[in-house]
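Values below: every heavy atom of this structure, side chains too, minus hydrogens, waters and symmetry copies.
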Amino acid sequence: MADQLAADADAEGFDTFALSGFSLGGPVTIRAAARHPERVTALVLTATFPHRDNRLALPSSVWRKIAAPGNREMLAEFLLMMSLGTHALETMSPEQLQETLGFAAATAADGTPEHADLVGRVDVRNDLAGTKAPTLVVSTTDDWFTSTALHRQLAETIPAPSTPKSPPATCPCWNAPRSGCSS
């Protein structure tokens with residue numbers, strides 16, 4: 001996937017490019033930056049991880065087991081519970097929560113079990129020191145999937161990163177829904 005990013009940039013005529021990685025997209029962008037340091041000009045890593053730790057192993061295992069039989073409603077409930085911070089969940093009305101659950105259930109990808117399985121196999125720790133691009137690591141402080149310890153590991157290992165803390169939620173968009181984020 002990392003080399004595909006560079007190939008896509010070539011296809012679009014870009015010699016250099018910046019990358020943003022959210023969740024499982026973070027390891028992909030880290031690997032792309034390490035493999036193509038002359039081309040990647042900047043990274044933004046949000047709610048991501050360099051490898052699976054025990055904190056991530058447990059929910060990703062449950063995620064895979066819920067997703068496998070295709071129960072999209074239960075999957076939506078689990079993913080929202082795990083990926084939204086307390087503030088985001090508690091500021092929703094019951095109607096908004098049901099609407100969000102319905103949207104999440106309807107849009108769950110068919111490859112969700114494989115996605116959850118991939119979380120357990122990703123390990124880009126050896127790529128971190130080779131990441132030369134200026135990097136912003138956004139630590140989501142109320143994240144039930146990836147711990148702030150993994151965010152800190154990124155910030156401590158990637159040369160010269162900047163690490164602000166996002167208000168509690170996995171997706172910073174949930175904290176400022178009018179800030180231009182879209183679903």
**OP:** Measure the CE-CG distance between Met1 and Asp8 for me, rounded to the nearest 0.5 Å.
**Re:** 12.5 Å
Original post:
Side chains of Leu84 and Asp142: does their closest heavy-atom pair fall under 4.5 Å?
Top reply: no
Subject >> Nearest-0.5 Å distance, CG of residue Asp127 to CZ of residue Arg31 >> reply: 4.0 Å
**OP:** Check whether any side-chain heavy atom of Arg64 sits under 4.5 Å from a side-chain heavy atom of Glu114, and report yes or no.
**Re:** no
Subject >> Heavy-atom check, side chain of Gln96 versus side chain of Leu89, under 4.5 Å >> reply: no
Original post:
Can you name the nearest heavy-atom pair linking Leu56 to His51, along with the distance?
Top reply: CD2-O, 4.3 Å
Original post:
If every non-hydrogen atom of Pro59 is compared with every non-hydrogen atom of Trp144, which pair is closest and at what distance?
Top reply: CG-O, 4.0 Å
Original post:
Measuring from Leu19:CG to Leu45:CG, what's the distance to the nearest 0.5 Å?
Top reply: 9.0 Å
Original post:
Does atom CE of Met81 have more than 12 heavy-atom neighbours, drawn from other residues, nucleotides or ligands, at distances under 6.0 Å?
Top reply: yes
**OP:** State, with a plain yes or no, whether a side-chain heavy atom of Ser147 is found less than 4.5 Å away from one of Asp53.
**Re:** yes
Original post:
Where is the tightest heavy-atom contact between Met92 and Leu97, given as atom of each residue plus distance?
Top reply: SD-CA, 3.8 Å
Original post:
Heavy atoms, side chains only, cut-off 4.5 Å: are Pro27 and Thr48 in contact?
Top reply: yes
**OP:** May I ask you to test the Phe145-Ser83 pair for a side-chain heavy-atom distance under 4.5 Å?
**Re:** yes
Subject >> Linked, directly or transitively: Phe14 and Val28 (ILVMFWY side chains, under 4.5 Å) >> reply: no
**OP:** First locate atom OG1 of Thr141, then atom NE2 of His87, and finally report the distance between them rounded to the nearest 0.5 Å.
**Re:** 11.5 Å
Subject >> Candidate pair Leu101 and Leu80, rule side chain to side chain contact (heavy atoms under 4.5 Å, CB included), full reasoning >> reply: CA-CA 7 Å; Leu101 284 167; Leu80 286 181; 3.2 Å; yes
Original post:
Looking at NZ of Lys132 and CG of Leu43, how far apart are the two atoms once the value is rounded to the nearest 0.5 Å?
Top reply: 12.5 Å
**OP:** Find out whether Phe49 and Leu24 are in side-chain contact, i.e. whether some heavy atom of one side chain is under 4.5 Å from a heavy atom of the other.
**Re:** yes
Subject >> Residue pair Thr146 / His151, side-chain heavy-atom distance below 4.5 Å >> reply: yes
**OP:** Supply the atom-to-atom distance Arg152 CZ to Thr157 OG1, rounded to the nearest 0.5 angstrom.
**Re:** 12.0 Å
Original post:
Of all heavy-atom pairs between Ala116 and Ser60, which one has the smallest distance, and what is that distance?
Top reply: CB-O, 3.7 Å
**OP:** Check whether more than 12 heavy atoms from other residues, nucleotides or ligands sit under 6.0 Å from atom CG of Asp123, and answer yes or no.
**Re:** yes
**OP:** Given side chain to side chain contact (heavy atoms under 4.5 Å, CB included), test Ser61 with Leu58 step by step and report yes or no.
**Re:** CA-CA 5 Å; Ser61 173; Leu58 294 172; 5.9 Å; no
Original post:
Any ion pair linking Arg55 and Asp143 (charged N to carboxylate O, less than 4.0 Å)?
Top reply: no
**OP:** Answer yes or no: is there a donor N or O on one side and an acceptor on the other, between the side chain of Arg72 and the main chain of Ala108, under 3.5 Å?
**Re:** yes
Subject >> Audit row: His115, Leu118, side chain to side chain contact (heavy atoms under 4.5 Å, CB included) steps and yes/no >> reply: CA-CA 5 Å; His115 184 116; Leu118 184 58; 5.8 Å; no
Original post:
What closest approach, in Å, do Ala76 and Ala104 show between heavy atoms, and which atom pair accounts for it?
Top reply: CB-CB, 3.8 Å
**OP:** Apply side chain to side chain contact (heavy atoms under 4.5 Å, CB included) to the pair His36 and Asp3, showing each step before the final yes or no.
**Re:** CA-CA 8 Å; His36 306 280; Asp3 292 327; 3.0 Å; yes
Subject >> Exercise: identify the closest heavy-atom pair between Ala6 and Arg39 >> reply: O-NH1, 3.6 Å
